[in-house]
Structure formats: structure tokens, C-alpha cells
There are 2 protein chains.
Amino acid sequence: MLAYAGDMVEKKSDRTRAAILAAARERFGADGYERATIRAIAADAAIDPAMVMRYYGSKEKLFAAAAEFDIRLPDFGDVPLESLGEVLARHFLERWEADDSLRVLLRTAVTNEVAVERMRGIFAAQLAPTLRVQAVDQPDVRAGLVASQVLGFALCRYILGFPPIATMPDDEVVAWLGPTLARYLTAPAPSQV
Amino acid sequence: MLAYAGDMVEKKSDRTRAAILAAARERFGADGYERATIRAIAADAAIDPAMVMRYYGSKEKLFAAAAEFDIRLPDFGDVPLESLGEVLARHFLERWEADDSLRVLLRTAVTNEVAVERMRGIFAAQLAPTLRVQAVDQPDVRAGLVASQVLGFALCRYILGFPPIATMPDDEVVAWLGPTLARYLTAPAPSQV
DNA sequence: CTTGAAAGTCAACAGGTGTTGACAAAGGGA
DNA sequence: TCCCTTTGTCAACACCTGTTGACTTTCAAG
């Protein structure tokens, strides 16, 4: 079957597999989970809808595959807390512009529980531990606040397309959001009543 | 037909009309536009699905009616700019907890263009002019930034249910978000490159 | 009571959905 | 060459969707 046993040979099916995944990401990101139909995804990938089922089993599994990507945060252990806000703002902005995986997640998280869990994995399960390393108090709360601003900005910029936000230059975004995130990371927690 | 001509008498149909609208708001808010089916809404209202069509014409028109509500911001003309952030934070928090209309809008805005436009009406078309009264520079940008933080927080709290954000006491929310909004309203705009 | 409009019920339509299974074309190993 | 795995195609399934039209019930005005 394969040229050399034990070698990693790309089979013909891998190409269509990848084509399906690419089309799925685009459709899920553009239309959301419910409106992105398997037939439309298959049409974009120029294959038969039955192939999608053969390779991914079901729509849910296809979505799970499309929403799976490496979101490992870089090691911020040596970044001083005061500048971490700006660093985070720039990092998320770059990630968001780079590929549409995050957009897929944001658009689908509103109705799809899998997407919510994966989104939570980024902030609660990745950012919070990073903050813990920096010995911040209430890391979960601070990670949640960072998430609220980052996701809210992404929502306005990429999904809703609010005019001044969607067209704002990257440097200006960092200049606005950086201090906000920095405050969420460094400001003393408000005294609770 | 009616007791007194010219009198405003509540017909029997008005009660079912209202029941449909209430059920629609709940379903749209809980499931989003696509997953909220007319049959489910009708079942909640304990009426026939055909009645929904008779009274609202179509699903889109029903949604438009469900997403229509008074979101007029109070007059913030005499609130000093420095405390406007905290006032805005508390105001939006109260509005969001009060009725689920805003939640309907947020959940559906991701896939429904009507909801996006209505959401924009709140921030761009209402908040920005209010800021203009206060003679702030770049009112549209600042209104957009406020929207990004308010919507992002609502997203994490009511839609995604991120643990520390969803359970945060109201006063603490205001303490965290107030200064952020205040900075978006008062801080000098970052110099653009 | 009679009449007729309003309010509600029922069954069906046309179209779209995810999903399945039977079948046909490659395409290389023996 | 034959054979068998892989890859792809086709048509259909069962179900659900918004929407429609014909029908019956309710009920107050005449």
C-alpha cells in the first residue's frame, strides 16, 4: 500500500480531509454552527457530502475537529506584570488576525457548548495558571476579566463589525486595551461588601 | 363588538399575542435564532403554531417584535465625566439583569443581522451622541470601546457562564468595570502612528 | 335565534437537514 | 492478469423546518 513501511506517506485521502476541514472552518466561522450545513461545506471543498461523514463521522465531530487547534499561550513567566497587559493585548490581536479558528470559536460559542468549553480552556485553564506563576491574587477573577475585554473587543471587531472598532489600527487597539488588561492584572481587588 | 366605541378594550387576541411574544423572547434568548423553532415557541405559549403566523406573519417578523424594546438611555448630561464610567457600569448591569431582551439581542446578534443593527443602535446611535453632549473627542471610538467591555462582560457572565464572572456580586462588577469605562471616556486618545 | 366576524384547530405542503447504505471507479500489490 | 483496499458517487431515508389553507368553534351584535 505504501512505498516504505514505517514512513509517513501522505495518502490521497489526507488532501480531501484537509480540504473538508478548511471549508468547515470557513463556514462555521462565517455562518455559525447551525447555519453551516454539511452540504455547503462539502460543496466548498468540491466533494460529496457523504465523504464528510466518512471522514469525520458526524457534524458535531467535524466541528470538534474544526475547533481544535493549538492555542497554547507563550510563556509569560518572565514578563513583568506591568507590561503583561500590553503584551497580552498584542498577542491576542495577532492570534485573532492570523487564523480564523478563534473566530469560529467565538461565533459558535453562543449556541454550542463544545465551543464554550474550549474557549474556557484558553482563559480559565491557560491564562489563570500563568497568572498563578506570577503570584497574583485571585487569578481566576483576573483571567475572567481579561477574557471579558478580549472577547468583547473581538466580538465588536470581527463578528458585529462595529464601525470604529472594526477599522481601528492594531497599534491603537493595543494602546487602548493594554492598560485595561494591565489594570485587571495588577490592580488590588476591590473590597467586597 | 366592543362595549364603547373609541374605547381601548383588550381583545382576547391580545392575551395570546403577548403570550407568544413572551415565549418567543425566552426561546430566542435561550437557544438563539436558528434553534428557537416556531413550534417550540407555540408549545411554550400553549397555542397552535399557526397562530404565530397569523399574528406575526413570519419568524423573522416575530423576532423583530421580540427584539424590539425600549432601550433609551437615561440623560447623562449632568453626570460628571469622571463618575460616568461607574454610572454606566451600574446602569447596564441593572438593565441586563432586569429583563432578558438584551440577552436575546446578544445571543442572536452573532447570526442575525437585525439584532446586530439593533445592538449598534444602543451604543453607536445612543451612547455616542450622549458623549457628544459632554464634548468628548472621538465619541464614536469611545462608545465602541465601552460597548466592547460591556458586551464582553455580558457575554462571559450571561451567555458563556465563565465561573468567576458569572457569580461575581454586582458591586464588585461595578468596582472592576467602572474605572475601565471611565478611562475609555476620559483618557486622552492614543497618538496614532 | 340568526348571522358573521374573530379565534383557534388540524393536516398537510414543499423544502432542507444530517445521515446511511448500496454501488462504481481507481490503483497498487500479488 | 486478478484481487482487494481505498476513494468517491448516487439516491434515498427519516425527520424537522417555516408556512399555508381549509375547517371548526366561540361569541357578541342584530
Side-chain angles (χ1 to χ4, degrees), chain A residues 1-24 27-28 30-67 108 111-115, chain B residues 1-25 27-28 30-67 108 111-114:
Chain A
M1 179 214 301
L2 303 180
Y4 294 91
D7 232 1
M8 213 51 161
V9 181
E10 69 167 75
K11 305 161 66 176
K12 195 160 266 179
S13 67
D14 291 349
R15 298 207 62 175
T16 54
R17 248 189 139 86
I20 294 173
L21 207 70
R27 281 282 174 181
F28 280 132
D31 302 339
Y33 183 79
E34 345 281 342
R35 299 175 64 163
T37 72
I38 286 198
R39 281 174 168 85
I41 293 171
D44 286 4
I47 50 129
D48 194 277
M51 288 284 91
V52 179
M53 307 306 297
R54 182 185 283 289
Y55 285 136
Y56 289 95
S58 71
K59 186 182 182 181
E60 268 202 42
K61 289 181 189 167
L62 171 63
F63 173 77
T108 52
T111 49
N112 190 293
E113 200 58 33
V114 174
Chain B
M1 179 216 301
L2 302 180
Y4 294 92
D7 234 0
M8 213 52 162
V9 181
E10 69 168 74
K11 305 163 67 176
K12 194 160 266 178
S13 66
D14 291 349
R15 298 206 62 176
T16 54
R17 250 190 136 85
I20 294 173
L21 208 68
R25 269 199 252 265
R27 281 283 175 180
F28 280 133
D31 302 339
Y33 182 80
E34 345 280 344
R35 299 176 64 164
T37 71
I38 287 199
R39 281 174 167 86
I41 293 171
D44 287 3
I47 50 129
D48 194 277
M51 287 283 92
V52 179
M53 307 306 297
R54 182 187 284 288
Y55 285 136
Y56 290 95
S58 71
K59 186 182 183 182
E60 267 201 44
K61 288 180 190 169
L62 171 63
F63 172 76
T108 51
T111 48
N112 191 294
E113 200 58 33
V114 174

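Order of the sequence lines fixes the chain letters, A, B, ..., with proteins taken first and strands second; residue numbering starts at 1 for each chain. Given the structure is predicted, the values throughout are model-derived calculations rather than measurements.
Looking at heavy-atom distances under 4.0 Å, A/Y56 makes no contact with the nucleic acid at all.
Taking CZ from B/F63 and CZ from B/R25, the interatomic distance works out to 11.0 Å, rounded to the nearest 0.5 Å. Put simply, CZ on A/R35 and CG on B/N112 are 7.5 Å apart, with the number rounded to the nearest 0.5 Å.
Counting only heavy atoms from C-beta outward, the side chains of B/L62 and B/Y55 never approach each other to under 4.5 Å. Contact of the B/T111 side chain with the B/E34 side chain is registered, since non-hydrogen atoms from C-beta on lie closer than 4.5 Å. By the 4.5 Å heavy-atom criterion applied to side chains, B/R17 and B/L21 are not counted as neighbours.
Side-chain N/O atoms of B/T16 include none lying less than 4.0 angstrom from OP1 or OP2 on C/dA7.
The CG-P distance, from A/D31 to C/dT17, rounds to 11 Å in whole Å. In this structure, CG of B/D14 is placed 16 Å from C1' of C/dG8, rounded to the nearest angstrom. Atom pair B/R54:CZ and D/dA22:P shows a separation of 12 Å (rounding to whole Å applied). D/dT9 atom P lies 8 Å from atom CD1 of A/I47, rounded to whole Å. The CZ atom of B/R17 sits 11 Å away from the P atom of C/dG8 (whole-angstrom rounding). A straight line from CE of A/M51 to P of C/dG18 spans 16 Å, rounded to a whole angstrom.
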Could you list, one pair per line, each protein nitrogen or oxygen that sits under 3.5 Å from a nitrogen or oxygen of nucleotides 17-21 of chain D, together with the distance?
residue: D/dG18; atom: OP1; partner: B/I38; partner atom: N; Å: 3.3
residue: D/dG18; atom: OP1; partner: B/K59; partner atom: NZ; Å: 3.2
residue: D/dG18; atom: OP2; partner: B/I38; partner atom: N; Å: 3.2
residue: D/dG18; atom: N7; partner: B/R39; partner atom: NH1; Å: 2.6
residue: D/dG18; atom: O6; partner: B/R39; partner atom: NH2; Å: 3.0
residue: D/dT19; atom: OP2; partner: B/K59; partner atom: N; Å: 2.8

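For the pair B/K59 and B/Y33, the cation-pi criterion (under 6.0 Å, within 45° of the ring axis) is fulfilled.
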